[in-house]
Structures are given as C-alpha cells and as structure tokens.
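Both backbone and side-chain heavy atoms feed into the values below; hydrogens, waters and symmetry mates do not.
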Amino acid sequence: MEKEIKGRKRNVSLRKKTVAVVLVAAIVLSAIAVTISGSFYAFSTFKHYKKLAEQLADTAAGMLSAEDIVRYYNEVKQIGDYDEDLYWTDDAYRAEYDEKANAIKDEKYEQMLNSLFVFADQSKGRNEIKYIYVQVLDGNSVTYIFDADHTEEQYQLGTVRPVSAETLEMTNREYGVPAFISNTPDDGWLCSCMRPVLDANGNPVALVGVDISMFEVVNNSIAYLATLVGIILIAVAILIVLILKGVNVAVVAPINSLSHATRTFVEDQSEGLKEDSAITKLDIRTGDEIETLCDSVKKMEHDINNYITNLTAITAEKERIGAELELATRIQADMLPNIFPAFPLRKDFDIYASMTPAKEVGGDFYDFFLVDETHLAMVMADVSGKGVPAALFMMMSKILIQNAVMSGKSPAKALEFVNNQICANNREEMFVTVWLGIIDLESGLLTAANAGHEKPIVKAPESDFECLSDKHGFVIGGMSGLKYKEYEIKFEKGSKLFIYTDGVAEATNTDDELFGLERTVDALNSADNKAPYEIINSVKKYVDDFVGEAPQFDDLTMLCFEYKGPDSKEITVEATLDNVTLAIDFVNKSTENLHFSDRDKNMIEVAVDEIISNVARYAYGDGVGNVTVNFASDEEGITLTVTDGGVPYNPLNKEDPDITLSAEERSIGGYGIFIVKKVMDDISYEYKDGKNILVMKKKYSA
C-alpha cells in the first residue's frame with residue numbers, strides 16, 4: 001500500500017499551489033491597486049487641467065473687448081455667406097473673401113490677436129496651450145473672430161465651421177463649454193474649455209476656446225503606472241519567497257511528517273507496533289490546525305487499534321454464528337421433503353414443492369407424506385416472524401402436525417390437537433397459519449381444513465386455475481380450545497392444487513407494488529398444462545421478474561399437486577354365469593405382465609371366479625343386472641373392485657366354516673368367500689349409493 005501511495009503521481013505539490021495562489025492573489029491585488037491608483041492619478045490630474053483650462057479661458061476672455069468682437073462679427077456677416085468648400089478649392093473666391101475680411105481688421109483687432117498669441121506663447125513649458133481662439137455661436141455653426149495659431153491651419157476672421165451635435169449639446173452661450181478631455185488622431189490628448197466674453201451688461205457675445213495639450217501628462221501617467229507595476233512585481237517576488245519559506249516550515253514539513261506516519265500505519269500494525277508506532281512518535285507543535293490534525297490522527301490510531309481488536313473478536317463470533325446459521329439452513333432444508341420425484345413409483349399423482357427463505361432460515365414450511373397407501377397428506381404453513389425463532393417454531397409445528405395426522409386424525413381434529421399442544425406452552429405468543437389436506441388417492445376426494453392460511457388455488461381438468469374461497473379458522477397458537485371446520489373437494493384425473501404462503505402474493509417490487517393474487521393466478525395459468533415442477537418454477541420466475549432489484553420481503557414457499565388417479569382398467573358385463581369367463585379373462589390379461597408368480601395368478605383367478613359367480617347367482621334374484629370389475633395397480637400390487645347394483649349383501653359377514661370338522665359335519669355354503677379371504681391379502685366391503693362394492697387387494701410376493 002505504501003509503495004502504491006509513493007508511486008502515485010502528484011499533479012501539483014503544496015508549494016506550487018501556494019505559489020500559484022499567492023501569484024494569482026498578487027496579480028489580482030496589483031491589478032486592483034494599479035487600477036485604483038491610475039484612476040485616482042488620472043482623475044486628480046485631469047481635474048487639475050480642467051480647472052486650469054477654465055482659468056486660462058477666463059483670463060483670455062478678460063483680455064478681449066466684447067463691443068469690438070460684436071462689431072467684427074456684424075461686419076463679417078455683411079460680406080455674405082461663407083462657403084468653406086469654395087474657400088479651400090477656389091483661389092479666386094478665397095482671395096476675394098480674404099480681401100474683404102482683411103479690410104475689416106483694424107489696429108485694435110491686431111492688438112487683441114497679438115495679445116492672444118503672447119498669452120499662448122507664454123504658456124509654453126508650463127501650461128502647453130496648443131490652441132486659443134474666439135468664436136461666435138450662430139445656430140449649428142460658429143464664426144471664427146480670432147485664432148492664435150501659428151500654423152497654416154489658422155482660421156481667418158469670418159471662417160464658419162459646423163458644430164457637432166455633442167459639442168452643441170454641451171455648449172451654453174452664458175457659461176460656454178465646460179472643460180473636457182478628448183483624444184483625436186490629429187491633435188492627440190487635449191483638455192478643452194470655452195468661456196463666454198461678456199459685454200458691459202454682462203451678456204455673452206462670444207466664446208473663448210482654450211485647448212491644452214495633455215501629451216506630457218498622459219506620458220507621465222503611463223510612466224507612473226509602469227513604475228508602480230514594477231514596484232509591485234518586485235514586492236510580489238519577495239513575498240512569494242518569504243511565503244514559500246514560511247509554508248515549508250509551518251505547513252509542508254509537518255504535513256509530510258504526518259503523511260509518512262500515516263503511510264506506515266499498516267506496516268506498524270503488522271509488526272505489532274502500537275505504543276511505538278510512527279504516529280505515536282509524532283511531535284508537531286505548530287500551535288494551529290495542523291497540530292490539532294496531528295492530535296486527531298493519534299486519537300484515530302488509538303481508536304482504530306481498539307476497533308481492530310473488537311472487530312477481530314466480532315468477526316470470529318460472526319463466523320461462528322454464520323457457520324451455525326448455515327448448519328441451521330441445511331437442517332431446516334433436510335426437515336422438508338426435498339428429493340424429487342418424491343414418490344417415483346407412484347403413477348397416480350405428482351407433487352413438487354419449494355421454499356426460498358428471506359433470511360438464512362425461515363418460518364414457512366411445507367410437508368407431504370403418505371398416511372397409508374391410499375391417502376396423501378399435504379401441509380402448507382407460515383410461522384409468525386422470521387429467522388431462528390421462527391425456524392424453531394416451524395420445526396416443532398411440523399412434527400406435531402405430522403404426528404397428529406399419522407395417528408389417524410382428520411385434518412380438523414389434527415389442527416385442534418396441534419393448537420392445544422402449542423397453546424399449552426407458548427410464552428413467546430408465536431403463531432402459525434396452516435392449511436392441511438388429506439386426499440384419498442383412489443377416489444380423488446380431498447378433505448381439508450384451514451387455520452388462517454392463504455386460500456388454495458385449484459384447477460379442474462380442461463379449466464383454468466381458480467382461487468377457492470374455503471372455510472377459515474383461527475391461527476394455530478392464538479387461542480386454545482378452538483374447533484376447525486373441514487371441507488371436501490372432489491378431484492378428477494388431471495386436477496391440480498396449488499398452495500402457498502403470503503410471500504408469493506405479497507412480493508414487493510421497487511415501486512412498493514404487491515405481486516398480488518391476480519398475478520399469481522395468471523402465472524399459474526401460463527403453465528397450467530405443465531407438470532408441478534414446471535408450474536412452481538414458472539411462478540417463481542414471474543415473481544422474480546416482478547420484484548426485480550427489490551430485496552426479498554418474505555419467505556417464498558409453494559407446493560403444487562397433480563391428481564392423476566389410480567392406473568385402473570374396467571369391464572362391465574351382465575351378471576350371468578356365462579360372462580364369468582369374460583371377467584376372468586379381463587383380470588388375467590391385466591396381470592399378464594405384472595410381477596406375480598403363476599401360483600399368485602391362479603389365486604387371483606379363483607377369487608374373481610368365486611365373487612362374480614356369487615353375484616350372478618344371488619345379486620339380482622330372478623332378474624338380470626350388471627357387474628363391474630375395476631382393475632388398478634401400483635408399486636405394491638393390484639386392487640380389484642367389484643361393483644353391482646343387486647340387493648345389499650356383505651359377504652364378509654358370513655362366518656368362516658370350521659375346516660377342522662369332517663366333510664359330513666360341515667355345513668353347506670360359505671367356502672367360496674372363505675377361499676377368497678385366504679388367497680387375497682386384503683378384502684373390504686361397503687354399500688354406497690345403492691351399490692355393493694367389494695375391494696380385493698393382492699400384493700406382489702417379496
């Protein structure tokens with residue numbers, strides 16, 4: 001890790017950053033200082049020259065005679081309109097005009113013009129008056145009276161010039177034009193001002209204009225600013241050097257020491273250095289935030305050491321708990337039927353179930369088991385809560401339910417028994433919802449009871465899955481002494497049953513939307529013609545796709561049962577002695593490929609002969625009726641069911657003959673049924689729906 005840190009490229013060091021910050025700050029401050037200083041210098045200088053221009057213009061105005069200026073102006077106007085273009089392009093026009101204008105000039109005119117020249121020349125080296133002139137404002141133009149200009153550009157008496165809109169806007173006949181600074185390509189920087197020439201009554205008759213050259217002033221300003229910038233740059237350079245030294249001593253060196261100590265922290269830990277580590281040896285006494293940071297790092301090291309010590313113990317404990325939870329998960333999984341196909345030799349039904357706990361162990365459970373050869377019990381339950389407590393409660397409930405059913409109790413009686421057992425010692429006040437059903441695999445009759453559990457979903461042959469509104473009782477463990485009601489469902493071949501816990505319908509996606517019972521039924525119907533295994537997986541996929549990235553909210557437990565019915569064959573004939581051989585041939589053909597010995601097959605033939613002959617002789621008296629032989633087989637043997645509509649008669653009530661007596665002492669009759677009892681392994685009788693039903697079973701030899 002240290003090598004990685006050392007090898008990592010540092011783009012900009014702290015020293016460089018400090019120089020950059022100081023330099024930027026110096027540039028900004030210098031720019032501000034130069035701007036403010038230059039602005040103040042220019043403002044003061046320009047203000048001074050504006051005031052000076054006004055004073056010079058006032059002085060020049062006082063040197064002039066207003067009455068003479070008015071006279072010169074009026075005489076110039078008598079010459080006629082002045083055409084500037086002709087004046088400069090037509091020599092004849094200019095000569096004529098100059099002659100008329102010069103005729104107006106008298107000695108007094110020359111004296112006033114010379115006084116203006118002298119006034120302007122005397123300012124050289126001090127005020128630098130560049131232009132001084134006298135004008136009379138006339139509408140949007142001015143007429144020049146005097147122009148103290150030594151160059152050829154001097155305006156002669158009577159020269160008329162247009163006035164710009166900006167100048168006209170500033171011009172006031174009474175106060176003139178206030179001083180202003182301008183910069184033109186021809187004249188450069190000028191400070192200009194116009195002041196009125198007043199007559200004896202104080203009325204303005206003309207304007208005296210003074211233009212002061214600002215060339216030297218502007219050059220001095222530039223030199224001043226350049227000097228100021230140079231001084232600031234030198235000061236900045238000195239400041240950067242001093243700051244670098246200060247930062248190196250006060251910041252960089254302590255931070256480097258702190259950085260080195262923190263980089264070696266892991267190395268010190270691996271070497272077992274706690275009291276003598278690089279961080280512990282740090283002795284930074286800067287009296288500022290860096291010293292506070294050093295103290296914080298030392299405290300952090302102490303806290304991390306304590307944390308690592310505690311974390312090691314906690315990690316070991318978590319690993320132990322994790323191993324135990326993993327073992328508990330396997331134990332719970334082993335408690336449930338989890339090997340499929342569960343009954344590979346049974347062809348009369350198919351069953352599949354799955355449980356996906358929300359935590360390592362869950363409170364949901366399912367169960368199914370054969371009560372006897374013709375009855376299958378199915379259980380679906382949901383314990384309150386989750387985790388280890390729910391798992392323990394689940395195991396106890398499962399065992400109690402199975403024991404109650406195997407003891408011969410009906411579903412309702414089994415739930416009553418389990419409820420009383422749990423309520424007798426339930427200090428934690430936990431409960432479990434249970435659906436319990438026992439199906440007769442021969443008749444397809446399901447007897448069920450519901451203790452507060454979800455409604456089962458059933459499917460009749462050639463129909464869709466539908467939710468069954470069954471009778472609900474209270475939850476197991478909620479109150480002792482409760483009674484539960486049973487209901488029956490007749491399953492035909494191809495019927496299916498789906499039972500589940502609320503984790504299916506209440507599965508929640510990222511939008512807090514429930515999967516719901518309607519989607520559950522739709523998922524079942526999308527795979528209704530498939531085997532239970534495929535149906536369960538289809539529903540699971542539908543739920544997973546719906547939930548998406550949302551965490552699993554509850555245990556997800558499902559069971560699907562398909563009733564296929566016993567593998568039976570059947571023949572119905574008239575109950576006559578002539579048809580006995582037809583029944584015998586039917587049974588012989590059915591047992592032809594089964595695992596019976598020849599002796600067993602002969603015994604079966606004898607039993608069929610005896611029973612069918614008795615029906616032919618006695619069942620219908622003088623009339624004729626039908627007799628039906630139903631043949632069914634499974635992994636243990638065969639079942640023969642003989643049904644007739646004759647008079648009620650239970651042959652099993654016939655007392656067995658005493659075969660210890662001699663032939664002369666024995667009574668007549670009773671030997672046929674006695675032989676049947678001997679050759680068959682099991683025989684039973686019932687009279688139901690107006691029919692005699694005799695069931696005989698023969699098992700395969702071991």
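By the 4.0 Å N-to-carboxylate-O rule, K540 lies too far from D545 to be salt-bridged with it. A salt bridge links E96 with K100; the closest basic N to acidic carboxylate O contact falls under 4.0 Å. Using a 4.0 Å cut-off between charged nitrogen and carboxylate oxygen, D138 and K77 count as a salt-bridge pair. A salt bridge does not link D90 with R94: none of the charged nitrogens is closer than 4.0 Å to a carboxylate oxygen. A salt bridge links R519 to E513: one of the charged nitrogens lies within less than 4.0 Å of a carboxylate oxygen.
Counting all heavy atoms, side chain and backbone alike, S192 lies closest to D211 at OG-OD1, 2.8 Å. Counting all heavy atoms, side chain and backbone alike, A523 lies closest to Y542 at CB-CG, 3.6 Å. The heavy-atom pair separating F119 from L56 by the smallest distance is CZ-CD2, 3.6 Å. When all heavy atoms of D147 and Q154 are compared, the closest pair comes out as O-NE2, 2.8 Å. The two residues F117 and A148 make their nearest non-hydrogen contact at CE2-C, 3.3 Å. Closest approach of V210 to A53, counting heavy atoms only: CB-O, 4.4 Å.
Remark: L157 CG to D98 CG distance equals 10.0 Å, nearest 0.5 Å. Between D91 atom CG and L86 atom CG the span is 11.0 Å, to the nearest 0.5 Å.
In this structure, T227 contributes its side chain and A223 its backbone to a donor-acceptor pair below 3.5 Å. Proximity of a side-chain donor or acceptor of N201 to a complementary backbone N or O of N203 within less than 3.5 Å is not detected. Between the side chain of S141 and the backbone N or O of L137 there is no donor-acceptor pair closer than 3.5 Å. Using modelled atom types, one side-chain atom of T508 and one backbone atom of E506 make a donor-acceptor pair closer than 3.5 Å.
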Got a list of side-chain donor-acceptor pairs under 3.5 Å for residues 58-67, not counting sequence neighbours?
from, atom 1, to, atom 2, distance (Å)
D58, OD1, R195, NE, 2.7
T59, OG1, Q55, O, 2.8
S65, OG, D68, N, 3.4
S65, OG, D68, OD2, 3.2

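A ring-centre distance under 6.0 Å is found for Y109 and Y72.
Applying the 6.0 Å contact sphere to NZ of K47 captures no more than 12 heavy atoms from other residues, nucleotides or ligands. A 6.0 Å sphere centred on CG of N310 holds more than 12 heavy atoms belonging to other residues, nucleotides or ligands. Counting non-hydrogen atoms of other residues, nucleotides and ligands closer than 6.0 Å to CD of E107 gives a total of 12 or fewer.
Judged purely by distance below 3.5 Å, without hydrogens or angles, the side chains of T501 and D382 never pair a donor atom with an acceptor atom.
The side chain to side chain contact (heavy atoms under 4.5 Å, CB included) search around I238 returns I234, L242, not counting sequence neighbours. Contacts of F46 classified as ring-ring contact (aromatic ring centres under 6.0 Å, His included), with partners at least two apart in sequence or in another chain: none.
For the side-chain contact (heavy atoms from CB on, under 4.5 Å) with R71, the lone residue among D106, I104, V76 that qualifies is D106.
Side-chain contact between M194 and V208: absent, with no pair of heavy atoms (C-beta onward) separated by less than 4.5 Å.
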